[in-house]
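As structure tokens, the structure follows; a few thoughts come after it.
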Amino acid sequence: MTPDLIARALESGSADDLRAVSESWASGLNTRRVDPHVARTLVDRGATLTVHAAAGLGFTDRLARMLDGDPSLIDAKGCDACTPLHFSRDVATARVLLEHGARIDARDEDHDSTPAQWSIGEAPDVARFLLDRGATPDIFLAAALGDPALATRLIDANPACV
């Protein structure tokens with residue numbers, strides 16, 4: 001769907017449509033699946049962003065402004081009590097969050113998973129970036145990344161990890 005088509009759809013809709021979009025991505029869930037151009041059009045038309053949505057949509061400019069204005073947002077709880085870092089769309093977003101003090105191994109409250117673990121399916125480059133920056137690895141991350149050297153190190157350190 002192109003930004004022009006989104007704009008036309010919004011013109012024929014109501015303010016409730018933008019409110020519904022804002023509510024649907026507020027927790028950060030599934031934001032990586034939203035086309036960034038479509039998201040930008042929606043935000044430009046009045047959809048609102050939470051810190052989780054900004055992270056998941058890759059809106060680093062708005063994300064940095066939010067965190068500069070309220071540093072406590074770095075630990076705000078979104079879907080499953082995840083931090084914004086759990087939803088990082090790309091490396092640039094993860095970098096902004098780490099620069100603002102994100103806890104690299106923060107755990108969500110539903111799955112007890114770290115941001116690297118949350119990233120592995122939809123953003124493996126983010127998972128690799130976080131591991132390179134000191135995130136705690138596990139055998140599942142090593143396998144998902146196809147990293148035999150990491151898997152070997154983990155198994156050597158703790159054979160029970162498999």
Checklist entry - Under 4.5 Å between side-chain heavy atoms, hopping through other hydrophobics if needed: is there a path connecting L29 to L97? => result no
Checklist entry - Does anything in residues 132-143 pair up under side-chain hydrogen bond (donor to acceptor under 3.5 Å, both in side chains), and if so which pairs, sequence neighbours excluded? => result D105-T136, Q117-D138
Checklist entry - Any link between L130 and L67 through a network of hydrophobic side chains (Ile, Leu, Val, Met, Phe, Trp, Tyr) touching at under 4.5 Å? => result yes
Checklist entry - Sub-3.5 Å donor-acceptor pair from the side chain of N30 to the main-chain atoms of R33, do we have one? => result no
Checklist entry - Is D61 salt-bridged to R40, going by a charged N under 4.0 Å from an acidic O? => result yes
Checklist entry - What are the two closest non-hydrogen atoms of A76 and P84, and how far apart are they? => result O-CD, 3.6 Å
Checklist entry - Is the side chain of T93 donor-acceptor paired with the backbone N or O of S88 at a distance under 3.5 Å, no angle test? => result no
Checklist entry - Are the side chain of R103 and the backbone of D75 linked by a donor-acceptor contact shorter than 3.5 Å? => result no
Next on the checklist: Please evaluate residues W25 and L49 with respect to the criterion side chain to side chain contact (heavy atoms under 4.5 Å, CB included), reporting the C-alpha separation (whole Å), side-chain torsions for both, the decisive distance (0.1 Å), and the verdict.
Outcome noted: CA-CA 8 Å; W25 67 29; L49 290 173; 4.0 Å; yes
Checklist entry - Going by heavy atoms in the side chains, are D156 and T152 under 4.5 Å from each other? => result yes
Checklist entry - Please walk me through it: do T83 and K77 pass side chain to side chain contact (heavy atoms under 4.5 Å, CB included)? => result CA-CA 5 Å; T83 67; K77 293 182 178 183; over 6 Å; no
Item to check | Cluster check V126, W118: I/L/V/M/F/W/Y, side chain < 4.5 angstrom | outcome: no
Checklist entry - Side chains of P137 and R153: does their closest heavy-atom pair fall under 4.5 Å? => result no
Next on the checklist: Give me the atom names and distance for the closest heavy-atom approach of A116 to L141.
Outcome noted: O-CD2, 3.5 Å
Checklist outcome for this item: The complete set of ring-ring contact (aromatic ring centres under 6.0 Å, His included) pairs with one or both residues in residues 38-58, sequence neighbours excluded, reads H52-F87
Next on the checklist: Walk me through whether L131 and L145 qualify under side chain to side chain contact (heavy atoms under 4.5 Å, CB included).
Outcome noted: CA-CA 11 Å; L131 288 172; L145 290 169; 3.5 Å; yes
Item to check | Considering all heavy atoms, the nearest L85-A102 contact | outcome: CD2-CB, 4.0 Å
Item to check | S113 OG to I120 CD1 distance, which is reported to the nearest 0.5 Å | outcome: 12.0 Å
Checklist outcome for this item: In terms of heavy-atom contacts, P124 and G121 come closest through CD-O, 4.3 Å
Checklist entry - Between M66 and L73, which heavy-atom pair has the shortest distance, and what is it? => result O-CD1, 3.7 Å
Checklist entry - Can you find a heavy atom in the side chain of H86 that is under 4.5 Å from one in the side chain of D80? => result no
Item to check | Under 3.5 Å: donor-acceptor pair, side chain of R32, backbone of G56 | outcome: no
Item to check | Nearest non-hydrogen partners of G101 and I74, listed with the distance | outcome: C-CG1, 3.8 Å
Next on the checklist: Between L63 and H100, is the side chain to side chain contact (heavy atoms under 4.5 Å, CB included) condition met? List the steps.
Outcome noted: CA-CA 10 Å; L63 182 60; H100 281 83; over 6 Å; no
Checklist entry - Can you get from F59 to L18 by hopping between Ile, Leu, Val, Met, Phe, Trp and Tyr side chains that sit under 4.5 Å apart? => result yes
Next on the checklist: How long is the straight-line distance from CD1 of I155 back to CD1 of I139, given to the nearest 0.5 Å?
Outcome noted: 4.0 Å
